[in-house]
Amino acid sequence: MSADDKPRRRHSPLNAAVEFGPSGRRPYWGVAYQRTCILSRLMKGPATCAELSQLCGARSATKRVSELRRAGFAIESGWASIAGPGGTVSLSAVYHLAEPDDRQRDLFAEEAAT
């Protein structure tokens, strides 16, 4: 089977991050890759700041989320209680993509303007 006959796998930043998995040393990926990885993860559902940092190799996931917001992505945040060792509980930021509000979209359709 030649290289052209092999089925191609779809690659995404999130799949690549999961393939590398946690290792002894923390990998560093470029800022653009980190933003793409975070956005890809948020498309699958809510994620904590710690999860995004670990999965996407971002030292500051908060900064990357801020950059994505400035780029126009509707990312909302909230707080979640996380159980720690010894029964301690701490708060952690949880990010998720906001659902677009299209309840009155038909009022502003181009056909309605004419």
Side-chain angles (χ1 to χ4, degrees):
M1 184 178 246
S2 70
D4 293 334
D5 296 336
K6 290 183 182 177
R8 295 181 183 241
R9 291 186 345 179
R10 293 190 73 152
H11 293 284
S12 77
L14 185 59
N15 291 342
V18 170
E19 280 181 31
F20 290 121
S23 62
R25 63 182 198 135
R26 188 177 206 171
Y28 177 79
W29 296 305
V31 172
Y33 180 85
Q34 292 172 7
R35 283 192 294 258
T36 304
C37 181
I38 288 172
L39 189 57
S40 178
R41 173 57 188 88
L42 292 177
M43 287 179 176
K44 294 185 180 285
T48 64
C49 186
E51 180 184 356
L52 293 173
S53 292
Q54 181 181 13
L55 181 65
C56 299
R59 293 182 188 260
S60 178
T62 304
K63 186 172 185 177
R64 301 295 161 248
V65 168
S66 178
E67 292 166 356
L68 288 167
R69 284 176 173 157
R70 281 195 303 267
F73 292 98
I75 300 174
E76 295 181 350
S77 60
W79 296 99
S81 300
I82 306 293
T88 61
V89 177
S90 60
L91 291 176
S92 179
V94 177
Y95 299 103
H96 63 94
L97 288 174
E99 293 291 324
D101 185 8
D102 59 357
R103 291 176 287 187
Q104 296 182 348
R105 181 174 49 188
D106 58 330
L107 295 175
F108 302 102
E110 290 187 30
E111 300 95 31
T114 58

Item checked: Interatomic spacing from CD1 in Ile82 to OG in Ser90 - rounded to 0.5 Å -> 6.5 Å
Check: So, does Ser40 use its side chain to make a donor-acceptor pair with the main chain of Thr36 at under 3.5 Å?
Finding: no
Item checked: NZ on Lys44 to CG on Leu39, rounded to 0.5 Å -> 12.0 Å
Notebook entry, point to check: Does Ile38 belong to the same Ile/Leu/Val/Met/Phe/Trp/Tyr cluster as Tyr33, with side-chain heavy atoms less than 4.5 Å apart forming each link?
Noted result: no
Next item on the list: Write down the atom of Arg41, the atom of Pro46, and the distance for their closest heavy-atom approach.
Entry: NH2-O, 3.0 Å
Checklist line | Pairs satisfying salt bridge (Lys or Arg N to Asp or Glu O under 4.0 Å), at least one member in residues 68-77, at least two apart | finding: none
Next item on the list: Would you sort out whether Val94 and Trp79 count as a side chain to side chain contact (heavy atoms under 4.5 Å, CB included), showing the intermediate values?
Entry: CA-CA 6 Å; Val94 177; Trp79 296 99; over 6 Å; no
Checklist line | Nearest-0.5 Å distance that lies between atom CZ in Arg64 and atom SG in Cys56 | finding: 11.0 Å
Checklist line | Residue list, side chain to side chain contact (heavy atoms under 4.5 Å, CB included) with Thr88, at least two apart or on another chain | finding: Pro85
Checklist line | Distance (rounded to the nearest 0.5 Å) between Leu55 CG and Gln34 CD | finding: 11.5 Å
Next item on the list: Decide side chain to side chain contact (heavy atoms under 4.5 Å, CB included) for Thr62 and Cys49; before the verdict, give the C-alpha distance in whole Å, the side-chain angles of both, and the deciding distance to 0.1 Å.
Entry: CA-CA 7 Å; Thr62 304; Cys49 186; 3.5 Å; yes
Notebook entry, point to check: Looking only at heavy atoms, what is the nearest atom pair of Val65 and Ile75, with distance?
Noted result: CG1-CG2, 3.8 Å
Checklist line | Residue pairs fulfilling salt bridge (Lys or Arg N to Asp or Glu O under 4.0 Å) with at least one residue in residues 30-39, sequence neighbours excluded | finding: Arg35-Glu67
Note to self: Do Met43 and Phe73 land in one hydrophobic cluster if side-chain heavy atoms of ILVMFWY residues count as linked below 4.5 Å?
What the structure shows: yes
